[in-house]
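So you know, we letter chains A, B, ... as the sequences are listed, proteins then strands, and number each from 1. Everything numeric in this text was worked out from a predicted model, so none of it was measured.
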2 protein chains.
Amino acid sequence: MARVGMTAERLTTAAAELADEVGFENVTVSALARRFGVKDASLYSHIRNAQELRVRVALLALAELADRAADAVAGRSGKQALVAFANAYRDYAKRHPGRYAAGQLRLDAETAAASAGRRHTEMTRAILRGYEVPESEQVHAVRLLHSAFHGYVSLERSGGFDHSGEIESSWDRLLDVLDTTLRHWPA
Amino acid sequence: MARVGMTAERLTTAAAELADEVGFENVTVSALARRFGVKDASLYSHIRNAQELRVRVALLALAELADRAADAVAGRSGKQALVAFANAYRDYAKRHPGRYAAGQLRLDAETAAASAGRRHTEMTRAILRGYEVPESEQVHAVRLLHSAFHGYVSLERSGGFDHSGEIESSWDRLLDVLDTTLRHWPA
DNA sequence: TAGGTTTCCTAGAGGCATTAGGCAAATGAC
DNA sequence: GTCATTTGCCTAATGCCTCTAGGAAACCTA
């Protein structure tokens, strides 16, 4: 039986692509096997189980998002950096809905610690350098920003904003308001 | 064959309870059938399919959350109302993780319009009465609040805050900051 | 080339979702 | 109470998904 050259990395990449096409929840060992023209059982030479596949896609998504955000933020500071980061974040979610969803997977502590997730935090801290948020408040400011971005994108994706339109202007206003809030961080 | 008295409502309630126990994604027709001591196929006398079951649990969760929030907000205004609403929201998510997850299900436009989702929006608008956010900006302010609350709860649930502690103080600061932001809503 | 390792397959088991038809309980009409 | 109709549960079956174990062939190394 000729080998098709599957590797865990190839499977992961294909699963990520499939996630964007059919939704992360519909990425299955069976669907992936069909994509490679092999039988389901063949995949277990490369991945332990379906959960490992999901975790791999999640890690890939977190890394991609961090790269995109880093590119967008490079050379910018203050409001420009904030807006660039936020737009990279939302843009990624819109272009790669399945990967974005994968990035929300709950990971075990060890895996999470090794993921690109901490790069997101570091980048956000770097953005805060353009503002005068006290050191003791930085963890709170980081969480406010991540909550607002993720919350907006999440509600947008689940249709929470479908009835009232103005989605783009709400996003722009959100960024304005957050910028102002950071510039006048309350004591 | 004696009847166990299943109805769509009873199935929905049981599914919601099961969601909180094992996670919304693990609520299946099979698991529910086991809970009632009947065979899987018997449930189809009462529900059309698994998707209908999920939608029903989603609607139940949205309604419960709206009731909780309404109770919490009653008789309060300004920052107190904001904090009460937000705390009801997060509290519900913590006590009923499975139901909360169900509430995020993407619904078709008709179902969404008939759901308790709009009550959330109305309540938030009522909270804004305690602030001087211009009418034209209210949709943006509502979305900022919902994004922040949902984002925080969501990231908390998926372990995004596990590495740095201070989760309660970050929440309290978030509410302070949002209150201040509303009081000085930027033009 | 020989031998060891790895990858693909088959077979199978168990879980999940759903349909169709049968039988008995429950309900409604007289 | 009797009878007809409706409804709810079951069985049987189909198809999809996940995963294990063992076998055959491809691949790699010495």
Side-chain angles (χ1 to χ4, degrees), chain A residues 1-60 98-99 101-102 104-108 111, chain B residues 1-60 98-99 101-102 104-108 111:
Chain A
M1 172 61 58
R3 300 178 180 194
V4 299
M6 289 192 293
T7 63
E9 285 67 44
R10 287 224 177 93
L11 287 174
T12 307
T13 302
E17 284 167 10
L18 191 58
D20 285 342
E21 291 167 26
V22 302
F24 184 51
E25 69 287 349
N26 295 317
V27 174
T28 61
V29 171
S30 306
L32 205 51
R34 282 193 295 274
R35 205 164 173 97
F36 281 86
V38 299
K39 300 299 182 180
D40 309 6
S42 307
L43 271 63
Y44 294 96
S45 296
H46 309 279
I47 54 170
R48 215 173 322 137
N49 51 40
Q51 174 66 8
E52 179 182 315
L53 187 62
R54 285 191 287 270
V55 168
R56 283 180 154 269
V57 177
L59 296 179
L60 180 151
R99 295 179 200 212
Q104 307 313 308
L105 190 68
R106 175 142 207 164
L107 304 173
D108 66 80
T111 307
Chain B
M1 175 60 58
R3 299 178 180 196
V4 300
M6 289 192 292
T7 63
E9 285 70 40
R10 286 225 178 91
L11 287 174
T12 306
T13 303
E17 285 167 9
L18 191 58
D20 285 343
E21 291 167 28
V22 302
F24 185 52
E25 70 285 351
N26 294 317
V27 173
T28 61
V29 170
S30 305
L32 206 50
R34 282 193 295 272
R35 206 163 170 98
F36 280 87
V38 299
K39 300 299 180 180
D40 308 5
S42 306
L43 271 62
Y44 294 97
S45 295
H46 308 280
I47 55 168
R48 213 171 326 134
N49 50 39
Q51 174 66 9
E52 180 182 314
L53 187 62
R54 285 192 288 272
V55 168
R56 283 179 154 270
V57 177
L59 296 179
L60 178 151
R99 295 178 201 214
Q104 306 313 307
L105 189 67
R106 174 140 209 166
L107 303 173
D108 66 81
T111 306

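Here dC17(D) presents its P atom at 5 Å from CZ of Arg34(A), a figure rounded to the nearest Å. Distance CG (Asp40(B)) to C1' (dC16(D)): 15 Å, rounded to an integer number of Å. We find that CZ of Arg3(A) is positioned 7 Å from C1' of dC8(C), with the value rounded to whole Å. In this structure, NZ of Lys39(B) is placed 18 Å from P of dT18(C), rounded to the nearest angstrom. Computed from coordinates, the Met1(A) CE to dT5(C) P distance equals 23 Å when rounded to whole Å. In this structure, the OH atom of Tyr44(B) is 14 Å from the C1' atom of dA20(C), given to the nearest Å. Atom pair Leu43(B):CG and dT7(D):P shows a separation of 18 Å (rounding to whole Å applied). Protein atom CZ of Arg54(A) is 14 Å distant from nucleotide atom P of dC17(D), rounded to whole Å.
Contacts of Asn49(A) with the nucleic acid, taken as non-hydrogen atoms under 4.0 Å apart, involve only primed sugar atoms and P, OP1 or OP2. Counting non-hydrogen atoms under 4.0 angstrom, Thr28(B) reaches the backbone sugars and phosphates but no base. At a threshold of 4.0 angstrom between heavy atoms, the contacts of Ala50(A) are confined to the sugar-phosphate backbone, with no base atom among them.
Listed nucleotides dA11(C), dG8(D), dT7(C) differ in distance to Ser45(A); the shortest reach to its side chain belongs to dT7(C). Side-chain atoms of Val4(A) lie closest to dC8(C) of the nucleotides dC9(D), dC8(C), dT19(C). Residue Val38(B) places its side chain closer to dC9(D) than to any other of dT11(D), dC9(D), dC8(C).
If Gln51(A) and Gly5(B) are placed on DNA chain D by their nearest nucleotide, the residue sitting closer to the 5' end is Gly5(B).
The shortest heavy-atom contact between Ala31(A) and Asn26(A) is CB-O, 4.3 Å. Between Leu11(A) and Leu53(A), the closest heavy-atom pair is O-CD1, 4.3 Å. Scanning all heavy atoms of the two residues, the minimum distance from Tyr44(A) to Asn49(A) falls at CE2-CA, 4.0 Å. When all heavy atoms of Thr7(B) and His46(B) are compared, the pair lying nearest together is CA-ND1, 4.0 Å.
A salt bridge between Arg35(B) and Glu21(B) is present, with a side-chain N of the basic residue lying under 4.0 Å from a carboxylate O of the acidic one.
Taking only side-chain nitrogens and oxygens, His46(A) comes nearer than 4.0 Å to OP1 or OP2 of dC8(C). Between dC17(D) and Ser30(A), a contact under 4.0 Å exists linking OP1 or OP2 to a side-chain N or O.
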